[in-house]
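See below for the structure under consideration.
Every chain is numbered from 1, with letters handed out A, B, ... down the list of sequences.
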There are 2 protein chains.
Amino acid sequence: MGVTETSHDACAPLPEPAVGEIRLEAVLHALADPVRLRIVSSLAGCTDEVNCLAFDVPVAKSTLTHHFRVLREAGVIRQVRRGTSRMNSLRSDDLAARFPGLLDSVVAGHRASRHPV
Amino acid sequence: MGVTETSHDACAPLPEPAVGEIRLEAVLHALADPVRLRIVSSLAGCTDEVNCLAFDVPVAKSTLTHHFRVLREAGVIRQVRRGTSRMNSLRSDDLAARFPGLLDSVVAGHRASRHPV
DNA sequence: ATCGTAGTTTGACAGGTCTCGTAGTACGAG
DNA sequence: CTCGTACTACGAGACCTGTCAAACTACGAT
């Protein structure tokens, strides 16, 4: 019986807004937090997926869960279940399609303000 | 006595951060509110200064004062006293210098999402 | 089957934000 | 000087947010 694939697809991304549903205010609000900005900046750096606990932000696990949900529900990131982990990736293409240049300028601005050592 | 000009210059802008002091998170937070986003979008449209009550946002006067202060303290707008009015203008150049492309993409995104009639 | 790892859920708390109405200030016009 | 206009200041209330700890679930490894 091929129930495993239909009932709960282990590789399907968690609930997220469609490209056309992404709201500007939600994205700006999601990016306006230092912890989330740092996460996004990190994600923009590496090309492939990263699990949730791989970020060196000084917050508790549950707080991290909260921030990842805000980012996902705003349409900034995508989360996919992979074993016991959640792999996160930026929705760069979707964001660029809806708000061209926004993500790039934010990430660039964040890097610049964290004055390169 | 020429006290009038030195003690309180009627044309000096109200307290605002210097260009180098503008923080990305503060700007994003300032833009993440529907009322303020609308104000900024309006200001981006007309080239010259606009007084505070010239915006058709559905909020009380005191609320408007609050929003203008948030925008000014974030470094998004400049306020200058002119008679009994406060003339507001976008700090487009300063923002472009510090976070290139940010303001443009936000304003463009806001206009686009308010689906053109 | 047992254990450890990764993450979620819940409840709680402190603090911030948006909103308003009312009262007050500053300025120009008459 | 008096009046109206434009805006600010000061609470106060409702709501939202970021944070944590503790208990829980889901999965893989042994």
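In this structure, A:L28 and B:L31 approach most closely via the heavy-atom pair CD1-O, 3.5 Å. For the residue pair B:I22 and B:A74, the shortest heavy atom distance occurs at CG2-O, 3.4 Å. Residues B:F55 and B:I39 share a closest heavy-atom pair of CE2-O, 3.8 Å. The nearest pair of heavy atoms linking A:A18 to A:R91 is C-NH2, 4.1 Å.
Residue B:R69 places its CZ atom among 12 or fewer non-hydrogen atoms of other residues, nucleotides or ligands, all under 6.0 Å distant.
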- Message: Set out, in order, the CA-CA distance, both residues' side-chain angles and the distance that settles side chain to side chain contact (heavy atoms under 4.5 Å, CB included) for A:H110 and A:V40, then state yes or no.
- Response: CA-CA 10 Å; A:H110 180 245; A:V40 168; over 6 Å; no
Check nucleotides 14-18 of chain D for protein N or O atoms closer than 3.5 Å to its own N or O atoms and list the pairs.
unit_1, atom_1, unit_2, atom_2, d
D:dG18, OP1, A:R36, NH1, 3.4
D:dG18, OP1, A:R36, NH2, 2.8
D:dG18, OP2, A:R36, NH1, 3.4
D:dG18, OP2, A:H66, NE2, 2.9

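Between the C1' atom of D:dC20 and the NZ atom of A:K61 lies a distance of 13 Å, rounded to the nearest Å. In this structure, CZ of B:R69 is placed 13 Å from C1' of C:dC18, rounded to the nearest angstrom. At whole-Å resolution of the value, CE in A:M87 and P in D:dA26 are 21 Å apart. Across the protein-nucleic acid pair, A:Q79 atom CD and D:dA26 atom P stand 17 Å apart, rounded to whole Å. The nearest whole Å value for the distance from the CZ atom in A:F68 to the P atom in C:dT9 is 15 Å. Per the geometry, CG belonging to B:N51 stands 11 Å off P belonging to D:dT8, to the nearest Å. In this structure, CG of B:L64 is placed 15 Å from C1' of D:dT5, rounded to the nearest angstrom. As rounded to whole Å, 15 Å separates atom P of C:dG16 from atom CD of B:E25.
Along DNA chain D, the nucleotide nearest to B:R72 and the one nearest to A:P58 differ in position, and the one closer to the 5' end is contacted by B:R72. Looking at which nucleotide of DNA chain D each of A:P34 and B:T84 is closest to, the 5′-most match is held by B:T84.
For the pair B:F68/B:R86, no side-chain contact is recorded, criterion being any heavy-atom separation below 4.5 Å from C-beta on.
In terms of phosphate contacts, B:R86 brings a side-chain nitrogen or oxygen within less than 4.0 Å of OP1 or OP2 of D:dT8. Between B:R81 and C:dA26, a side-chain N or O to OP1/OP2 separation shorter than 4.0 Å is absent. Taking 4.0 angstrom as the limit, A:T65 places none of its side-chain polar atoms (N or O) nearer than this to OP1 or OP2 of C:dG7.
Distance from the side chain of A:S62 is smallest to D:dC20 among D:dC20, C:dC27, C:dT8.
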